[in-house]
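Please read the structure below before turning to the comments.
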Amino acid sequence: MRDKELSQIENTGWQRAAVLGANDGIISTASLILGVAATHASHQSILIVGISGLVAGALSMASGEYVSVSSQADTEHAALVKERAEIAADATSEHRELAAIYMQRGLNLDLATQVAQQLMAHDALGAHARDELGISERNTARPLQAAMASASSFAMGAILPLLIAVFASSKYLIPLIPCVALITLAFLGGLAAYVGKANILRGMLRLTFWGALAMGVTAAVGTLFGPMG
Ligand SMILES: [Zn+2]
């Protein structure tokens, strides 16, 4: 039961990250394409901008995620090294420390001492990692996995406006891309809210608002500085 609940929370986190990545991909690529389309650029230039936006965005999401999750992994690793040294140097006070944690969680002194003793005999570092530092096998930071998940969800979002740019002629891009992007964003916002058991309408409005703002501003910039040639 507890396992099922835990994995439900994890899934929610994973799904939320995927939705956010796709949201980034749609908003930034649709905005880029609109900005360039507003300058009356050639169809080929628009496609190059769209593809560059997809690749650059996916890689920048991957690198950002990799760096952030790696530094989290470094912090966890350093904490474990320190903890292992402390256990080796002074097992008695580490045992007392663990017992104190269990007492805070509601066990009486005798039981806390006993639990700390048995858990430390079984796996001292594991017990301290889990109950003192909050690190477990389950939530260990995995940088490469996180980077790939981020990049692919961004690419999945970015492919949508890019496909429209491939198949629609340039003059239809300006009405078509914002419409499809906003409908998809509303769907994603609603989905994220549904998964997180939040207000669905609010989730839809939040994403479409930011999407409309980003596309509107970029198209305005394109109109302001275009036409290029
Ligand atoms: Zn400790």
Side-chain angles (χ1 to χ4, degrees), residues 1-25 57-157 188-189 191-199 202-203 206:
M1 192 60 207
R2 189 175 140 74
D3 249 31
K4 200 180 157 203
E5 280 169 6
L6 271 176
S7 72
Q8 209 159 28
I9 291 172
E10 275 167 26
N11 279 340
T12 309
W14 180 86
Q15 285 159 345
R16 206 174 138 267
V19 166
L20 289 181
N23 159 51
D24 274 12
L59 289 178
S60 108
M61 293 282 284
S63 70
E65 194 69 13
Y66 187 85
V67 167
S68 121
V69 177
S70 293
S71 68
Q72 191 193 330
D74 289 347
T75 310
E76 284 177 6
H77 180 73
L80 285 177
V81 167
K82 184 164 169 269
E83 195 63 39
R84 184 181 286 127
E86 282 172 4
I87 293 170
D90 189 356
T92 316
S93 56
E94 283 301 309
H95 173 261
R96 214 175 293 136
E97 181 188 55
L98 201 58
I101 290 170
Y102 297 137
M103 283 173 70
Q104 260 174 21
R105 292 186 191 168
L107 302 189
N108 65 39
L109 176 63
D110 283 349
L111 189 54
T113 310
Q114 213 177 344
V115 169
Q117 205 151 34
Q118 292 196 9
L119 285 181
M120 279 185 72
H122 173 66
D123 174 11
L125 185 62
H128 282 261
R130 191 177 58 243
D131 294 330
E132 184 192 341
L133 307 171
I135 303 170
S136 71
E137 198 58 47
R138 213 174 239 292
N139 61 21
T140 306
R142 292 187 184 81
L144 208 58
Q145 207 178 33
M148 269 153 53
S150 241
S152 55
S153 61
F154 181 95
M156 276 196 293
L188 283 177
L191 185 69
Y194 175 76
V195 167
K197 295 188 168 52
N199 185 304
R202 195 179 304 149
R206 202 179 280 155

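Atoms within each ligand, like the ligands themselves, are counted from 1 in listed order.
- Formation of a donor-acceptor pair under 3.5 Å by the H128 side chain with backbone atoms of H95 is not found in this model.
- At least one N, O or S atom of E94, from either the backbone or the side chain, sits less than 2.8 Å from the Zn ion (ligand 1).
- Angle OE2(E83) to the Zn ion (ligand 1) to OE1(E132): 100° [nearest 10 degrees].
- Interatomic distance, CG of L119 versus CD of Q117, reported as 10.5 Å (0.5 Å rounding).
- The N, O or S atom of H128 with the smallest distance to the Zn ion (ligand 1) is ND1.
- Rounding to the nearest 0.5 Å gives a distance of 12.0 Å between CZ of R130 and CD1 of I135.
- Between Y66 and A147, the closest heavy-atom pair is CB-CB, 4.0 Å.
- Considering just the N/O/S atoms of E97, the one nearest the Zn ion (ligand 1) carries the name OE1.
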